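Every chain is numbered from 1, with letters handed out A, B, ... down the list of sequences. All of these numbers come straight from a predicted model, not from anything done at the bench.
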Amino acid sequence: MDPRRQRQRAGGPLGPTTRINRASMNRSIPDILFERLQAAAATAFGPDVALDRAWLRSTNDPKFGDYQFNGALPLAKQLGAKPRELADKLKDALALDDLCAPPEVAGPGFLNLRLSTDFLNRYLQEVPPADPASEYDRLGVAPATQPDKVVVDMSSPNLAKEMHVGHLRSTVIGESVARILEFAGHDVERVNHVGDWGTQFGMLLAHLRATQPQALGDLDHLAISDLEGFYREAKQHFDSDAAFADEARRTVVQLQGGDPETLRIWRAFCAESLRHCHAVYAALDITRLVDRGESFYNAQLADVVDELSQKGLVEKSEGADCVFVEGFKTREGEPLPFLVRKSDGGFLYATTDLAAARFRIRDCGATRVIYVVGLPQKQHFEMLFAVLRKAGWAHEGVQLEHLGFGSMLDASGAPFKTRAGGTVKLKNLLDEAVDRARIVVEAGNDDPESVRGQLSAADRAHIAETVGIAAVKYFDLSHNLSTDYRFDWDHMLALDGNTAPYMLYAYARIRSIARKAGVDFASLPADAPITLEHESEIALAKAVARFPEIVASLVRDLRPSLLTEYLFELSRSFSRFYDRKLGVRVIDAEPESLRISRLRLCDLTARVIHTGLQLLGIPTIEKM
RNA sequence: GCGCCAGUAGCUCAGGGGAUAGAGCAUCGGAUUUCUAAUCCGACGGUCGCAGGUUCGAAUCCUGCCUGGCGCGCCA
């Protein structure tokens with residue numbers, strides 16, 4: 001039996017107007033309110049008047065209530081009436097007694113809605129417990145009824161080199177987006193479209209043959225500790241030794257020609273490079289990434305161009321095969337071609353992208369493909385999508401999105417480089433994050449009586465690792481996707497402000513309340529009533545209750561910064577709630593029913609923070 | 001030249017048709033015999049790059065301009 005149904009029954013008799021039906025429990029508060037507004041509008045203005053969902057929004061000032069409906073203003077024009085009169089009529093037709101205080105018409109015609117504590121009590125009380133068998137604590141949010149098959153194209157480093165800071169954003173944003181869509185109930189595949197093919201591999205394999213002949217006999221154990229250094233050596237070898245350069249070019253031909261021995265070395269090299277990548281992914285807590293590099297599509301490239309030709313989309317231009325799409329121009333104002341085959345017969349990045357998209361849609365059944373790739377490639381994806389549509393590979397039921405993002409800059413606003421001007425290895429950056437986090441975490445109060453004073457060395461190491469990585473991820477995700485941002489260690493590791501250390505501490509502190517109170521949050525009676533009294537706990541309850549609507553906006557807009565902002569607000573609400581001066585007592589609250597209610601509110605807050613951070617790809621820690 | 005992204009408080013950034021534009025940091029002031037002081041409250045601080053336009057209403061949408069970054073055929 002559905003546990004949610006069971007508890008609702010246990011919740012006791014609710015009158016017909018105060019009853020929240022089971023379906024509504026899974027819905028966001030604005031969804032519930034909007035339904036009422038629609039019903040009221042039908043009564044007040046007739047069935048033909050359609051309301052726009054965007055007219056209902058949360059207020060930006062508590063004095064206007066919690067939600068405001070602004071529809072009277074646009075409707076005034078449509079219906080030829082005065083906005084305030086319409087708002088009054090709507091208010092009179094509105095049946096909201098079970099949800100809100102009596103609505104108020106304010107300003108030019110805003111309808112202000114303030115949630116009642118009664119409703120909040122019930123809304124939160126009916127949040128189902130986490131299902132231990134499920135990856136995500138759903139917190140009452142229903143999964144999508146029509147799941148998409150989503151491919152998230154993310155990370156995608158070049159296997160010829162080490163992952164560098166330029167791969168951080170795609171990896172971190174891609175993971176978060178994947179989790180958000182997973183949480184929403186979609187079938188998500190994270191694809192690592194690695195660069196595992198191309199001329200530079202000729203150079204690398206030739207260099208490997210020249211410098212480590214012994215390794216060729218035992219390719220299963222090929223180990224290159226410093227890939228970046230290896231690449232530099234190979235490049236130098238190539239530039240300084242003409243005979244070697246010829247050898248490198250011959251190796252490219254062998255590789256492309258399918259020479260088994262060369263392929264064997266190539267495979268071993270890619271495997272070793274991927275091991276480096278996955279060490280970084282492990283540090284970043286990214287586990288379900290499918291490595292499907294460019295070479296996977298090699299055998300499909302000729303067919304892609306053939307099919308485009310058959311469809312009459314290919315034109316020869318200066319010896320190359322091109323598809324022309326309307327609306328794109330070159331520097332000189334000529335039509336800009338989308339090159340799919342070079343004049344020498346070779347294929348390009350664009351060809352591989354076409355093949356990959358076709359494969360994902362046609363062979364994997366993807367209904368949505370999201371490319372988490374930097375903003376500079378925006379035009380490339382616009383053209384790619386246009387060609388995919390023209391070719392019919394992306395039919396109407398398929399959603400294609402380029403989720404572009406800005407660059408990471410250093411603290412002075414310059415491109416992020418080492419002192420010597422080279423690229424910064426992602427691994428080094430993450431190591432530094434953990435080192436710096438260790439210093440932050442070990443600083444300050446070390447009283448042996450305190451929680452922190454009793455942490456073991458292993459605990460401390462684990463905390464430093466979690467906080468360091470979380471700081472980097474959270475800082476990235478808390479920025480608007482489209483802007484460049486300045487990488488700032490002090491900022492991201494600060495214990496104040498909208499940072500990972502703050503969020504993780506907030507979570508750990510709430511979890512410690514249970515220990516201190518001698519209870520296990522998970523075994524608090526799920527049907528114990530929640531009774532909100534104090535202003536600070538009502539504010540906290542409202543913040544917790546916004547979680548479903550935040551999830552909905554995340555799924556719609558794929559903007560993780562909306563989530564970090566919400567989590568920060570929620571944590572601040574919690575701090576006020578728990579403040580000794582302006583908040584309430586929890587552990588020693590009386591009577592017992594109030595204590596249980598407040599502990600449950602703590603638990604719900606912790607669960608929302610936990611799940612929210614999980615959607616950002618950040619694990620929590622119990623003590624800090 | 002064309003296109004894209006950005007320009008919001010001293011600094012770093014949110015907010016992308018709705019009421020008096022927000023937060024953190026910094027600065028200044030206050031609380032507290034601690035349910036983790038990694039807390040809370042308050043003050044200071046803005047011509048939302050500039051100029052027009054649309055709208056009952058614009059930081060938000062449109063047009064033009066200024067500044068910065070990036071992209072613009074056989075690299076990925």
Side-chain angles (χ1 to χ4, degrees), chain A residues 54-55 57 59-61 63-64 68 70 73-74 76-77 83 106-110 112 156 158 160 195 197-200 294 317-322 327-334 336-344 346-350 352-353 374-380 382 404-407 409 411 413 415 440-441 443-445 447 450-453 478-480 482-486 488 490-491 494-499 501-502 504-506 508-509 512-513 516-517 536 561-562 564-565 568-569 572 575-576 578-589 598 602 623-624:
Chain A
W55 293 341
R57 40 166 297 161
T59 59
N60 48 19
D61 189 329
K63 81 176 176 216
F64 300 132
Q68 62 186 65
N70 304 332
L73 296 116
K77 174 163 282 184
F110 300 122
N112 292 339
S156 306
N158 184 345
W197 200 252
T199 51
Q200 73 268 50
E294 296 176 334
S317 171
E318 298 171 32
D321 288 331
C322 311
F328 296 93
K329 287 179 181 154
T330 65
R331 212 177 306 237
E332 291 74 32
E334 305 294 316
L336 178 67
F338 191 69
L339 262 74
V340 296
R341 181 152 49 194
K342 298 193 279 185
S343 50
D344 69 2
F347 299 105
L348 301 105
Y349 179 57
T352 309
D353 273 342
L375 232 21
Q377 295 199 48
K378 183 174 164 136
Q379 184 178 261
H380 168 74
E382 283 171 354
F405 52 83
S407 316
L409 309 172
V440 171
V441 165
N445 175 24
D447 180 351
S450 72
V451 172
R452 291 188 43 218
S478 64
H479 287 85
N480 191 334
S482 59
T483 51
D484 295 347
Y485 75 82
R486 295 179 184 219
D488 182 338
D490 293 338
H491 189 167
L495 296 150
D496 298 309
N498 189 9
T499 67
Y502 177 91
L504 290 171
Y505 175 70
R509 195 167 80 156
S512 84
I513 291 169
K516 193 101 174 185
S536 72
S561 65
L562 295 173
T564 59
E565 206 170 342
F568 183 54
E569 267 313 305
R572 301 197 78 207
S575 288
R576 286 181 207 113
Y578 204 64
D579 185 69
R580 61 182 152 279
K581 185 86 175 182
L582 289 138
V584 297
R585 302 302 299 177
V586 175
I587 291 175
D588 51 9
R598 287 182 178 159
C602 290
K623 296 180 185 177
M624 187 167 161

Enquirer: By centroid distance (under 5.5 Å) and plane angle (under 30°), are A:Tyr502 and B:rA38 in a stacked arrangement?
Expert: no

Enquirer: Output the pairing pattern of RNA chain B as a dot-bracket string, 5' first, Watson-Crick or G-U wobble with both distances under 3.5 Å, | for cross-strand pairs, [ ] for crossing pairs.
Expert: (((((((..((((....[...)))).(((((.......))))).....(((((..]....))))))))))))....

Enquirer: Taking ring pair (Phe, Tyr, Trp, His ring centres under 6.0 Å) as the definition, give me every residue that meets it alongside A:Phe64, ordered by chain and number, with sequence neighbours left out.
Expert: none

Enquirer: Mind checking if A:Ala54 touches a base, just sugar-phosphate, or nothing, with heavy atoms under 4.0 Å?
Expert: nothing

Enquirer: Could you tell me whether the side chain of A:Tyr578 has a donor or acceptor atom within less than 3.5 Å of a complementary atom in the base of B:rC40?
Expert: no

Enquirer: Closest-nucleotide mapping onto RNA chain B: is A:Ser482 or A:Pro501 further toward the 5' terminus? I mean the 5' end.
Expert: A:Ser482

Enquirer: In whole Å, I'd like the distance from the CZ atom of A:Arg580 to the C1' atom of B:rG30.
Expert: 14 Å

Enquirer: Where the side chain of A:Asn480 is concerned, which of B:rA19, B:rC35, B:rA14 is the nearest nucleotide?
Expert: B:rA14

Enquirer: Expressed as a whole number of angstroms, how long is the span from A:Asp488:CG to B:rU12:C1'?
Expert: 7 Å

Enquirer: Taking the side chain of A:Glu565 as heavy atoms from C-beta outward, which of B:rU36, B:rA14, B:rA19 is closest to it?
Expert: B:rA14

Enquirer: Set out, line by line, the N/O atom pairs under 3.5 Å between protein and nucleotides 53-56 of chain B.
Expert:
residue: B:rU55; atom: O3'; partner: A:Lys77; partner atom: NZ; Å: 3.3
residue: B:rC56; atom: OP1; partner: A:Lys77; partner atom: NZ; Å: 2.2

Enquirer: By side chain to side chain donor-acceptor pair (under 3.5 Å), which residues pair with A:Asn498, not counting sequence neighbours?
Expert: A:Tyr474

Enquirer: Looking only at heavy atoms, which two atoms of A:Val586 and A:Cys602 are closest? And how far apart?
Expert: CG1-SG, 4.0 Å

Enquirer: Expressed as a whole number of Å, how far does the P atom of B:rU47 sit from that of B:rU8?
Expert: 12 Å

Enquirer: CG of A:Asp490 versus C1' of B:rC13: gap in Å, rounded?
Expert: 16 Å

Enquirer: To the nearest Å, give me how far apart NZ (A:Lys581) and C1' (B:rU32) are.
Expert: 7 Å

Enquirer: Regarding A:Phe328, tell me which of base, sugar-phosphate or nothing describes its non-hydrogen contacts under 4.0 Å with the strands shown.
Expert: nothing

Enquirer: Base, sugar-phosphate, or nothing: which does A:Val340 touch, judged by heavy atoms less than 4.0 Å apart?
Expert: nothing

Enquirer: Ignoring hydrogens and angles, does a donor from either the side chain of A:Gln68 or the base of B:rA19 sit under 3.5 Å from an acceptor on the other?
Expert: yes

Enquirer: Between B:rC66 and B:rG30, how far apart are the two C1' atoms, rounded to whole Å?
Expert: 45 Å

Enquirer: Sticking with atom C1', work out how far B:rG24 lies from B:rU63, rounded to a whole angstrom.
Expert: 36 Å

Enquirer: Just to be sure I understand the rule, does A:Asp353 reach a base, reach only the sugar-phosphate, or reach nothing, if contact means heavy atoms closer than 4.0 Å?
Expert: nothing

Enquirer: Is the backbone of A:Ala411 close enough, under 3.5 Å, to the side chain of A:Asp488 for a donor and an acceptor to pair up by distance?
Expert: no

Enquirer: What is the distance, to the nearest angstrom, from the CG atom on A:Asp588 to the P atom on B:rC35?
Expert: 8 Å

Enquirer: Reading nucleotides 67-76 of chain B 5' to 3', which nucleotides get B (base under 4.0 Å from a protein heavy atom), which S (sugar-phosphate only), which -?
Expert: ---S-BBBSB

Enquirer: Expressed as a whole number of Å, how far does the P atom of B:rA6 sit from that of B:rG42?
Expert: 33 Å

Enquirer: Does A:Tyr485 put a side-chain nitrogen or oxygen below 4.0 Å from OP1 or OP2 of B:rA6?
Expert: no

Enquirer: Would you measure the distance from the C1' atom in B:rG53 across to the matching atom in B:rA19 and give it in whole Å?
Expert: 24 Å

Enquirer: Kindly indicate whether the side chain of A:Pro501, heavy atoms from C-beta on, has any atom under 4.5 Å from the side chain of A:Val440.
Expert: no

Enquirer: Taking the side chain as C-beta and beyond, is there a heavy-atom pair between A:Leu582 and A:Arg576 under 4.5 Å?
Expert: no

Enquirer: Taking atom C1' in both B:rG7 and B:rA59, what distance in whole Å separates the two?
Expert: 12 Å

Enquirer: Rounded to the Å, how far apart are A:Leu562 CG and B:rA14 C1'?
Expert: 10 Å

Enquirer: Would you say A:Arg576 reaches B:rC41's phosphate, i.e. side-chain N/O to OP1/OP2 under 4.0 Å?
Expert: yes

Enquirer: Mind checking side-chain contact (heavy atoms from CB on, under 4.5 Å) for A:Lys516 and listing every partner two or more places apart, or none if nothing turns up?
Expert: A:Ile587

Enquirer: Measuring only the P atom in each nucleotide, how far is B:rA51 from B:rG18? A whole number of Å is fine.
Expert: 22 Å

Enquirer: Could you check B:rG24 for me: syn (within 90° of 0) or anti?
Expert: anti

Enquirer: What pairs with A:His491 under ring pair (Phe, Tyr, Trp, His ring centres under 6.0 Å), at least two apart in sequence or on another chain?
Expert: A:Phe475

Enquirer: Where does the angle between the aromatic ring planes of A:Tyr502 and A:Phe568 fall among parallel (under 30°), tilted (30 to 60°) and perpendicular (over 60°)?
Expert: perpendicular

Enquirer: A:Arg486 near the nucleic acid: base, sugar-phosphate alone, or nothing, with a heavy-atom cut-off under 4.0 Å?
Expert: sugar-phosphate

Enquirer: Within the 4.0 Å heavy-atom criterion, would you say A:Lys623 contacts the bases, only the backbone, or no part of the nucleic acid?
Expert: nothing

Enquirer: B:rA6 phosphate, OP1 or OP2: any side-chain N/O from A:Thr483 under 4.0 angstrom?
Expert: no

Enquirer: What pairs with A:Pro108 under side-chain contact (heavy atoms from CB on, under 4.5 Å), at least two apart in sequence or on another chain?
Expert: A:Leu73, A:Phe110

Enquirer: In whole angstroms, how far is the P atom of B:rU20 from the CZ atom of A:Phe64?
Expert: 8 Å

Enquirer: With sequence neighbours left out, what residues match A:Tyr578 under ring pair (Phe, Tyr, Trp, His ring centres under 6.0 Å)?
Expert: A:Phe574

Enquirer: Report the residues that fulfil ring pair (Phe, Tyr, Trp, His ring centres under 6.0 Å) with A:Tyr349, sequence neighbours left out, ordered by chain and then residue number.
Expert: A:His380

Enquirer: Report yes if a side-chain nitrogen or oxygen of A:Asn60 is closer than 4.0 Å to either non-bridging phosphate oxygen (OP1 or OP2) of B:rA19; otherwise report no.
Expert: yes

Enquirer: Could you tell me whether A:Ser512 contacts a base, only the sugar-phosphate backbone, or nothing, with contacts defined as non-hydrogen atoms closer than 4.0 Å?
Expert: base

Enquirer: Counting only N and O atoms by type, is there a donor-acceptor contact under 3.5 Å from the side chain of A:Ser478 to the main-chain atoms of A:Thr564?
Expert: no

Enquirer: Quick one: is A:Arg509 getting a side-chain N or O under 4.0 Å of the B:rC35 phosphate, OP1 or OP2?
Expert: no

Enquirer: Report the residue (A:Lys63 or A:Gly497) whose heavy-atom-nearest nucleotide on RNA chain B is the more 5′ of the two.
Expert: A:Lys63

Enquirer: For A:Thr483, what residues pass the side-chain contact (heavy atoms from CB on, under 4.5 Å) criterion, not counting sequence neighbours?
Expert: A:Asn480

Enquirer: Among all residues two or more places apart in sequence or in another chain, which pass the side chain to side chain donor-acceptor pair (under 3.5 Å) test with A:Gln68?
Expert: A:Asn70

Enquirer: Expressed as a whole number of angstroms, how long is the span from A:Asn70:CG to B:rG17:P?
Expert: 13 Å

Enquirer: Counting any heavy atom closer than 4.0 Å, what does A:Phe338 reach on the DNA or RNA strands: base, sugar-phosphate only, or nothing?
Expert: nothing

Enquirer: Say you pick atom C1' in B:rA23 and the same atom in B:rC44; how far apart are they, in whole Å?
Expert: 16 Å

